Chemist: 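My structure is below; once you've seen it, I'll send some questions.
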Amino acid sequence: MTLATLVLMVAPLVALGACIVVHVVLSRALPGLPRPRGIMLSVGAAAVGVAGLALFGPAERLPAGLSPLELAAVWLLTYILLAYCYVIGFFNLGESARRIRLLIDLHQAGRRGLTLEEILSAYNARMIVDVRLQRMVAGGQVSERDGVYFTASRVMLTAARLLVWLKIAYLGSRHELDVRIVTPERGPR
Amino acid sequence: MRPIAGAALALALLIVTQLVVWRWRRPGHYTALSVLSLVVLMLSVATFHALQILADGALRFLPQSAWDYWNFLMLYVALTLAYMITYSAVQADSPSMSILLMIDQAGGRGAAVPELTGALNDQVLVVPRLTDLVIGRLVVFAGDRYTVTPNGSFLARIYIAYRALLKMEKGG
């Protein structure tokens with residue numbers, strides 16, 4: 001088995017690597033590019049690459065059994081799922097996860113750490129709500145008139161309702177605070 | 001389409017098993033879900049193989065060759081990771097989703113910021129996430145101060161470096 005065959009066998013992973021590289025290059029070269037567009041471009045570029053490789057690449061190097069069309073479907077699906085993991089599970093955590101933001105603030109505070117009051121002076125619920133409202137207005141999900149917010153698009157709202165349904169199915173409750181499993185002995189609620 | 005059908009069946013088995021097990025006893029961390037997905041993978045491979053032997057390879061929608069199983073494995077791992085990430089979104093209340101639902105509930109009169117921040121306060125949006133960090137041993141809480149652990153620092157450094165690589169500011 002040659003190196004080229006091995007690379008072909010993990011084509012969706014290679015495509016994920018290409019997607020991350022394109023994303024980094026685009027973010028650095030075009031800082032003004034809206035972030036969702038940067039993500040779409042990087043994910044799309046690597047998707048075209050992996051589909052093209054399956055359809056027109058050196059398929060004779062691979063074991064027989066799947067037609068080029070079937071291979072394209074399998075690789076594309078695998079790659080899209082991996083890209084979803086990168087975007088939602090990694091990039092988006094750095095972008096909007098409260099846990100990561102708090103962790104970075106505490107890391108930057110060093111060994112002394114921070115009290116709850118110090119943490120909240122730099123990062124609090126008001127800031128979290130304001131940032132998300134700005135993002136949702138920019139994304140067209142909500143509209144604002146005289147400081148009052150209204151539903152503008154039902155796409156994200158449908159996703160939010162689906163999430164509530166999944167919460168009930170998995171956790172038996174609509175809200176996480178009703179179902180918290182473990183509470184640290186000394187951490188405030 | 002054999003790897004896709006196989007992976008879809010295995011994922012369905014994982015979801016059903018998780019729903020049943022989690023109703024009985026819900027673990028508080030992801031190790032249990034990872035172990036469950038591994039068990040489902042082994043069970044699926046053994047079942048597919050046994051079914052193909054019994055049917056003398058006639059089941060065309062299930063993996064047959066080693067190449068089929070390799071593609072099935074890659075797809076199943078990707079599906080499981082995506083599923084786990086989505087499940088984590090189910091566990092924690094997303095501020096954006098909560099805001100959208102509150103605005104929708106307000107109907108035609110809309111919702112103003114004080115109304116939103118009245119319900120979505122620090123005790124709802126910040127303190128539970130700090131508690132998660134303590135439970136995950138990324139942060140310790142002692143003498144009224146939160147301090148990051150070596151594991152927490154390591155994770156924070158990864159995100160600081162990654163955001164710097166993207167030339168992006170601190171998120172949140």
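From a predicted model like this one, the values you see are computed outputs, not experimental measurements.
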Chemist: Rounded to the nearest 0.5 Å, what separation is found between the CG atom of L75(B) and the CG atom of L77(A)?
Modeler: 5.0 Å

Chemist: Given that the side chain runs from C-beta out, which part of L120(A) has a heavy atom under 4.5 Å from chain B: side chain, backbone, both or neither?
Modeler: side chain

Chemist: Is D144(B) close to chain A through its backbone or its side chain, or both, or neither, when contacts mean heavy atoms under 4.5 Å?
Modeler: both

Chemist: Verify, without hydrogens or angle tests, whether D122(B) (side chain) and N124(A) (backbone) share a donor-acceptor contact under 3.5 angstrom.
Modeler: no

Chemist: Are V24(A) and M40(A) connected into the same hydrophobic cluster when the rule is that any two of I, L, V, M, F, W, Y join if their side-chain heavy atoms are below 4.5 Å apart?
Modeler: no

Chemist: Can you list the steps and then say if V77(B) with L81(A) is a side chain to side chain contact (heavy atoms under 4.5 Å, CB included)?
Modeler: CA-CA 9 Å; V77(B) 169; L81(A) 287 163; over 6 Å; no

Chemist: Between A164(B) and chain A, which part of the residue has a heavy atom less than 4.5 Å away: side chain, backbone, both or neither?
Modeler: backbone

Chemist: Check whether R35(A) gets within reach of chain B through its side chain, its backbone, both or neither, counting any heavy atom under 4.5 Å.
Modeler: side chain

Chemist: Taking only Lys NZ, Arg NE, NH1 and NH2, and the carboxylate oxygens of Asp or Glu, determine whether D104(B) and R154(A) approach each other closer than 4.0 Å.
Modeler: yes

Chemist: What part of I80(A) lies closer than 4.5 angstrom to a heavy atom of chain B: side chain, backbone, both or neither?
Modeler: neither

Chemist: Checking D130(A) against chain B: side chain, backbone, both or neither under 4.5 Å from a heavy atom?
Modeler: side chain

Chemist: Where on Q64(B) is there a heavy atom nearer than 4.5 Å to chain A: the side chain, the backbone, both, or neither?
Modeler: neither

Chemist: Parallel, tilted or perpendicular: which describes the rings of Y162(B) and F90(A), with under 30° parallel and over 60° perpendicular?
Modeler: tilted

Chemist: Where is the tightest heavy-atom contact between L106(A) and Y146(B), given as atom of each residue plus distance?
Modeler: CD2-O, 3.4 Å

Chemist: With heavy-atom distances below 4.5 Å as the criterion, would you say the side chains of M156(A) and M97(B) are in contact?
Modeler: yes

Chemist: Using non-hydrogen atoms and a 4.5 Å limit, figure out which bit of A109(A) sits close to chain B: side chain, backbone, both or neither.
Modeler: neither

Chemist: Measure R163(B) against the heavy atoms of chain A and call it side chain, backbone, both or neither at under 4.5 Å.
Modeler: side chain

Chemist: Between D93(B) and K167(A), does at least one N-O distance fall below 4.0 Å, as a salt bridge requires?
Modeler: yes

Chemist: Contact part of V113(B) toward chain A, heavy-atom cut-off under 4.5 Å: side chain, backbone, both or neither?
Modeler: both

Chemist: What part of Y79(A) is in contact with chain B, defined as an atom under 4.5 angstrom from a non-hydrogen atom: side chain, backbone, both or neither?
Modeler: neither

Chemist: Select, from V131(A), L82(A), I100(A), the one with the greatest count of heavy-atom pairs under 4.5 Å involving chain B.
Modeler: I100(A)

Chemist: Identify which part of Y87(B) has an atom lying under 4.5 Å from any heavy atom of chain A, answering side chain, backbone, both or neither.
Modeler: side chain

Chemist: Just give me the residue among A82(B), A156(B), A111(B), A112(B) that pairs up with chain A most often, heavy atom to heavy atom, under 4.5 Å.
Modeler: A111(B)

Chemist: Given N71(B) and T78(A), is the side chain to side chain contact (heavy atoms under 4.5 Å, CB included) satisfied, shown in steps?
Modeler: CA-CA 9 Å; N71(B) 283 303; T78(A) 308; over 6 Å; no

Chemist: Below 4.5 Å from any heavy atom of chain A, which atoms of F72(B) appear? Answer side chain, backbone, both or neither.
Modeler: neither

Chemist: Name the region of T86(B), side chain, backbone, both or neither, that has any atom closer than 4.5 Å to a heavy atom of chain A.
Modeler: both

Chemist: With only heavy atoms counted, which part of V142(A) is less than 4.5 Å from chain B, the side chain, the backbone, both or neither?
Modeler: side chain

